[in-house]
Structures are given as structure tokens and as C-alpha cells.
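All remarks here apply to the structure that follows.
What you are looking at is a predicted structure, and each value in this text was computed from that prediction instead of being measured. Note that the numbering runs from 1 along the sequence shown for the chain.
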Amino acid sequence: MNATSTYERLSTVFTRVMGVEPPHGPETSPQDVEAWDSLGHIKLFAEAESEFDRQLPDELMIPGHSLRQLAEAVDAAPPA
């Protein structure tokens, strides 16, 4: 998978979970979206793992990463 297609799929997951499109594209972070609180982050994390069938690193459970960083982590993560 490449980062562009991963981001595009992750963006779709993000929109489904948060109810809005990422306002700053790949650089969207929790500070940019009201629904991206701690619960929203857990939902996004779980949906991303399911969508990509990947085991994401635990350090990504802490909110603060941009969508670009999450997409990069998906590409680097081992299959679940």
C-alpha cells in the first residue's frame, strides 16, 4: 500500500467515525475536529485497525497524531 491510497481510505474511515471530512486533509489533528476527543480517537483507532486489518502500535492510542501520521503507521504496521 502507498501512503496516498492509505490516507484516502483512512480519510473515509475518519469521515464515517467523526461525521465530518478532515478539514486540513492529511494534516488534520485532534485540535481541528471537536468530535476527535479521547472517545472519538479510540473509535478511529479501532475502525482503522479493522479497515486495514493491521495491528497499530499502542503509542498511537494517545491522541495527538495527524491523519498523515496515522496513515504512515498503518503502512508500517504488521497484519493483524
Side-chain angles (χ1 to χ4, degrees):
M1 227 178 295
N2 67 50
T4 301
S5 65
T6 300
Y7 168 73
E8 289 169 358
R9 285 176 62 195
L10 185 60
S11 177
T12 300
V13 171
F14 178 89
T15 300
R16 184 174 62 239
V17 171
M18 302 297 170
V20 296
E21 292 186 17
H24 302 292
E27 299 311 315
T28 299
S29 65
Q31 300 87 302
D32 302 320
V33 178
E34 187 175 329
W36 197 349
D37 55 12
S38 57
L39 181 58
H41 186 73
I42 291 169
K43 289 177 182 177
L44 178 60
F45 188 90
E47 288 290 323
E49 284 189 325
S50 178
E51 171 73 20
F52 293 98
D53 194 29
R54 302 283 180 180
Q55 177 78 37
L56 296 176
D58 290 340
E59 59 264 13
L60 287 179
M61 283 297 292
I62 300 169
H65 300 88
S66 69
L67 285 180
R68 177 185 50 77
Q69 291 168 313
L70 289 175
E72 290 169 354
V74 165
D75 282 339

- Query: S50 side chain to A46 main-chain N or O, any donor-acceptor pair under 3.5 Å?
  - Reply: no

- Report the distance from atom CZ of R9 to atom CD of E51, rounding to the nearest 0.5 Å. 4.5 Å

- Message: Restricting to non-hydrogen atoms, name the atom on A77 and the atom on R54 that form the minimum distance, rounded to 0.1 Å.
- Response: O-NH1, 3.0 Å

- Task: Could you tell me the separation between the CD1 atom of I42 and the CG atom of D37, rounded to the nearest 0.5 Å?
- Result: 9.0 Å

- Message: Using a 6.0 Å cut-off, check whether atom CD of E27 has over 12 heavy atoms from anything other than its own residue.
- Response: yes

- Roughly how far apart are L60 CG and F45 CZ, rounded to 0.5 Å? 6.0 Å

- Message: To the nearest 0.5 Å, what is the distance between CE on M61 and OG on S38?
- Response: 9.5 Å

- To the nearest 0.5 Å, atom CD of E49 lies from atom CG of L44 at 10.5 Å

- Task: Could you tell me which non-hydrogen atom of P30 sits nearest to which non-hydrogen atom of H65, and how far apart they are?
- Result: CD-O, 3.6 Å

- Shortest non-hydrogen contact from V13 toward A48: CG1-N, 4.1 Å

- Give the ring-plane orientation class for W36 versus H41, where under 30° counts as parallel, over 60° as perpendicular and anything between as tilted. parallel

- Query: When you measure from the side chain of T28 to the backbone N and O of H24, does any donor-acceptor pair fall under 3.5 Å?
  - Reply: yes

- Message: Can you give me the closest heavy-atom contact between F14 and E21, atom names plus distance?
- Response: CE2-C, 4.1 Å

- For G25 against L67, the heavy-atom pair lying closest together: O-CD1, 4.0 Å

- Query: Atom OH in Y7, atom CG in D75: separation rounded to 0.5 Å?
  - Reply: 14.0 Å

- In this structure, are over 12 heavy atoms from other groups packed under 6.0 Å from E34 atom CD? no

